[in-house]
Protein chains: 2
Amino acid sequence: MPDSSSSLDSEQLSAYFALMDVAGLLKHAVEQQLREEGDLSYVQFQLLARLALNSPTGSERMTDLADGVVYSRSGLTYQAGLLEKAGLVSRAPSADDERSVTVTVTDAGREVIARVIPGHVEVLRQQLFSPLSGADTRRLRDLLVPVRDHMRAAPPRSAGPRRRR
Amino acid sequence: MPDSSSSLDSEQLSAYFALMDVAGLLKHAVEQQLREEGDLSYVQFQLLARLALNSPTGSERMTDLADGVVYSRSGLTYQAGLLEKAGLVSRAPSADDERSVTVTVTDAGREVIARVIPGHVEVLRQQLFSPLSGADTRRLRDLLVPVRDHMRAAPPRSAGPRRRR
DNA sequence: TATTGTTATACTCTATAACTATA
DNA sequence: TATAGTTATAGAGTATAACAATA
């Protein structure tokens, strides 16, 4: 039988490389825009955007932010420290659980996001969406969302003690 | 009129985030595998794979490698230096142009790639391809390849002097 | 005991600018 | 003068392990 378990067909290979190339080039372009217009790294943008746009209260626990955005907790402590020093978020002990820290976007943080979004969108339009029709975009989303869900549900196994939680 | 130039519709937004999330998670998983099984970073894998698999001679000029894989030349010099120190590539002045340096994969370099590929493929199967049918994979490739071509053809403008070449 | 978060530390990677050498 | 590559340097980001505090 063919070695269906030890190699990829050429369509899989080119899909893999195209995915990584597109994401890498796009991240590069987007990081430049964020740095120039808001003095933000991509991770900082992710954190701020998540708090400002995805959270009804503008707040989240450190652990939940780390799970959603970043990989190590110390990395998140570092980034949250930078954002706090810049006045874009505040940190305070959680009300219910004294161990937890609740991170909250400040008004200044919301302003930075608002300031940065138009240029960000412009980069996305030029780099990512200009060769895609509306239907293409929908298809792309429909293909990738299940992959993301699968990856989040099935973290890379066989790696030491269970990752967290 | 609607602000079609300053915002994205929700399908575009979720396609963007799904793309970045999938690529980020996948890169993370793949880097771990490459580090464990071949002591390679992702960039080093890209360089080695490009030389070993994509180049008939196993050689390329520094500049062409930098254009294809990495962004800054000094970054490539650094990575090529690491690979050379590990015995995975060799560097020599080009025959035709004394300014150029030709990088060549060594046998040891080819061995590392061969050793690392099966585990790499396994990660891709589990993380990326298991939720995708063959037709899905083809669609994904057909959507992303033109985007990559577009990005490569249209580098992020408005950024100082023309990038290179 | 397990969980939350921080700190200390060490390392990898990347980019900018100055420089050398060849075309 | 322009191009190819290296070097020096400096900064950003990340992760691991040890730690303190709370549940």
Side-chain angles (χ1 to χ4, degrees), chain A residues 24-25 27-29 31-32 34-36 39-47 59-86 89-103 156 159-165, chain B residues 24-25 27-29 31-32 34-36 39-47 59-86 89-103 156 159-165:
Chain A
L25 291 166
K27 192 177 177 196
H28 201 253
E31 277 179 329
Q32 188 173 319
L34 290 172
R35 183 63 69 192
E36 282 169 4
D39 199 36
L40 292 177
S41 70
Y42 188 70
V43 191
Q44 289 159 9
F45 171 74
Q46 281 183 297
L47 292 170
S59 299
E60 267 193 82
R61 297 190 322 148
M62 289 289 284
T63 293
D64 297 329
L65 279 176
D67 284 1
V69 172
V70 137
Y71 298 107
S72 73
R73 296 191 171 202
S74 66
L76 178 60
T77 296
Y78 171 74
Q79 293 295 344
L82 290 182
L83 290 174
E84 189 174 42
K85 202 175 343 177
V89 305
S90 62
R91 280 187 288 185
S94 304
D96 52 326
D97 186 337
E98 284 287 326
R99 291 172 306 181
S100 291
V101 167
T102 295
V103 185
R162 188 91 78 254
R163 279 189 83 71
R164 63 173 59 97
R165 282 289 186 195
Chain B
L25 291 166
K27 192 177 178 194
H28 201 254
E31 277 178 331
Q32 188 173 320
L34 290 172
R35 183 63 69 192
E36 282 169 5
D39 198 38
L40 292 177
S41 70
Y42 188 70
V43 192
Q44 289 159 9
F45 170 75
Q46 283 184 296
L47 291 170
S59 299
E60 267 193 81
R61 297 191 320 148
M62 290 289 284
T63 293
D64 297 330
L65 280 177
D67 283 2
V69 172
V70 136
Y71 298 106
S72 74
R73 297 189 171 202
S74 65
L76 178 60
T77 295
Y78 171 73
Q79 293 295 343
L82 291 182
L83 289 173
E84 188 174 43
K85 201 172 350 176
V89 305
S90 63
R91 280 186 288 184
S94 304
D96 51 326
D97 186 337
E98 285 286 324
R99 292 171 305 179
S100 290
V101 167
T102 296
V103 185
R162 189 89 80 254
R163 280 188 82 70
R164 63 173 58 95
R165 284 287 189 197

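So that the names make sense, note that chain A is the first sequence line, chain B the second, and so on, each numbered from 1. Just so it is clear, the model here is predicted, and its values are computed rather than measured.
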message: Applying side-chain hydrogen bond (donor to acceptor under 3.5 Å, both in side chains) to B:T102 and B:S94, what does each step give before you reach the verdict?
response: CA-CA 5 Å; B:T102 296; B:S94 304; 2.8 Å; yes
- request: Evaluate side-chain hydrogen bond (donor to acceptor under 3.5 Å, both in side chains) for B:R61 paired with B:S100, printing each intermediate quantity in order.
  value: CA-CA 7 Å; B:R61 297 191 320 148; B:S100 290; 3.1 Å; yes
message: Could you walk me through whether A:L25 and B:Y71 satisfy the side chain to side chain contact (heavy atoms under 4.5 Å, CB included) test, starting with their C-alpha distance in whole Å, then the side-chain angles of each, then the deciding distance to 0.1 Å, before giving a yes or no?
response: CA-CA 10 Å; A:L25 291 166; B:Y71 298 106; 3.6 Å; yes
- request: Take B:E31 and B:S41 through the side chain to side chain contact (heavy atoms under 4.5 Å, CB included) test and state the conclusion after the steps.
  value: CA-CA 6 Å; B:E31 277 178 331; B:S41 70; 5.7 Å; no
message: As a quick check of understanding, evaluate side chain to side chain contact (heavy atoms under 4.5 Å, CB included) for B:E60 and B:V103, giving each step before the final call.
response: CA-CA 5 Å; B:E60 267 193 81; B:V103 185; 5.8 Å; no
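Spacing between atom CG of A:L47 and atom C1' of D:dT14 amounts to 14 Å, rounded to whole angstrom units. One atom, CZ of B:R91, and another, C1' of D:dT7, lie 12 Å apart when rounded to the nearest Å. Between B:R73 atom CZ and C:dA17 atom P there is a gap of 15 Å when expressed in whole angstrom units. Separating the NE2 atom of B:H28 from the P atom of C:dT12 is a distance of 16 Å, rounded to the nearest angstrom. As rounded to whole Å, 16 Å separates atom C1' of C:dT7 from atom CD of A:Q79. Note: CD (B:Q32) to P (D:dT16) measures 8 Å, nearest angstrom. The distance between atom CZ of A:R35 and atom P of C:dT14, rounded to the nearest whole Å, is 15 Å. What separates OH of B:Y78 from C1' of D:dG11 is a distance of 14 Å, to the nearest Å.
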Distances for protein N or O near nucleotides 20-23 of chain D N or O, under 3.5 Å:
{"from": "D:dA23", "atom 1": "OP1", "to": "A:E98", "atom 2": "N", "distance (Å)": "3.0"}
{"from": "D:dA23", "atom 1": "O4'", "to": "A:R99", "atom 2": "NE", "distance (Å)": "3.4"}

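Comparing A:L82 and B:S74 by the nucleotide of DNA chain D that holds the closest heavy atom to each, the one mapping nearer the 5' end is B:S74.
Within 4.0 Å (heavy atoms only), A:S100 reaches sugar-phosphate atoms of the nucleic acid but no base atom. Among the protein residues, B:E31 comes within range of no part of the nucleic acid, since none of its heavy atoms lies under 4.0 Å from any strand. No engagement by B:S94 is indicated, since no non-hydrogen atom pair under 4.0 Å with the nucleic acid exists.
Between the side chain of A:Q79 and the backbone N or O of A:L76, no donor-acceptor pair lies under 3.5 Å.
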